[in-house]
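Here's the structure we're looking at; comments come further down.
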Amino acid sequence: MSDNFPPPPPEQPQSEYPVPAQPSPWAAPPGPPQKQRTGLIVTLAVGGGLIVAGAVVALVHTAMSSVQDSIALPPRSEAPYSEPYEEEPYEEEPSAAEPDAKEDVTIISCTRDPQIGWQSAKVKVVNGSSTTASYTIMMEFLDEEGVQVAEGGAGVVGLEPGGSAVKKAQGVGEVPRGTTCRISDVWRTPSDRGES
């Protein structure tokens, strides 16, 4: 060996992990990092989904239109238009021999219960008809100004001709002092029963 060459350097121990290479000081600088395309992929996926949804809606609309066109409607009536039929209320007119049912009922007393404030009326019913009859009596209770503040009712079953009965028509609900009683309606119907 010649003396002009220095001895070789001692060997360095090698690591298990490779050491990254050092860039050369004369190398060009690295370029900007590459852009990821995630936004583009999401935009294309959403746009494609909207296009598919629009196509499905158009297909359903077309199918519904064809079904609607195929449904046969009944032919239109050629009858002329007329107003709906309005039934006139049926009122049974008393015969000349039979008095009005309201004439068979009179108010005997009209009182307000001092403890609960409910109004009641005692009525006397005299059957003025020629047959056994049942009565339904409707009462209304009016305040001092004539405004209805409560209602009540009473009934008599199977009253013989010329017979009489006294019944209590109880109002429901508290009323003011000075409330008066008035018969609002009376119905008399023929009856086969002979008991009151």
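Residue numbers run from 1 in the order of the sequence given.
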Give, for atom [atom1] of [X] and atom [atom2] of [Y], the distance between the pair rounded to the nearest 0.5 Å.
| X | Y | atom1 | atom2 | result |
| --- | --- | --- | --- | --- |
| D185 | I137 | CG | CD1 | 10.5 Å |
| E160 | T132 | CD | OG1 | 3.5 Å |
| L159 | S191 | CG | OG | 9.5 Å |
| S109 | K122 | OG | NZ | 5.5 Å |

Restricting to non-hydrogen atoms, name the atom on [X] and the atom on [Y] that form the minimum distance, rounded to 0.1 Å.
| X | Y | result |
| --- | --- | --- |
| F141 | G152 | CE1-N, 3.7 Å |
| S129 | P161 | O-CB, 3.4 Å |
| Y135 | V126 | OH-O, 4.1 Å |
| W118 | Q170 | CB-NE2, 3.7 Å |
| K102 | V186 | CG-CG2, 3.9 Å |

| field | Shared hydrophobic cluster, V149 / L142 (ILVMFWY, side-chain heavy atoms < 4.5 Å) | value |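 The answer is no; the residues belong to distinct hydrophobic clusters.
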| V57, V52: one ILVMFWY side-chain cluster at the under-4.5 Å cut-off? | no
| said: Could you check whether T179 and Q119, counting side-chain N and O atoms only, form a donor-acceptor pair closer than 3.5 Å? | reply: no
Is it the case that the side chain of [X] and the backbone of [Y] share a donor-acceptor pair, with hydrogens and angles ignored and the cut-off at 3.5 Å?
| X | Y | value |
| --- | --- | --- |
| R112 | V175 | yes |
| S184 | M138 | yes |
| N127 | G162 | no |
| D113 | G117 | no |

| Out of T136, D100, D104, T131, which one pairs with R188 under the side chain to side chain donor-acceptor pair (under 3.5 Å) rule? |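 That would be D104; it is the only one of T136, D100, D104, T131 passing the side chain to side chain donor-acceptor pair (under 3.5 Å) with R188.
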| request: Mark yes when over 12 heavy atoms from residues, nucleotides or ligands other than E144 sit less than 6.0 Å from its CD; otherwise mark no. | output: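 Check fails, neighbour count at 12 or below.
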| request: Tell me, with the steps shown, if M139 and V123 meet side chain to side chain contact (heavy atoms under 4.5 Å, CB included). | output: CA-CA 10 Å; M139 300 292 299; V123 293; 4.1 Å; yes
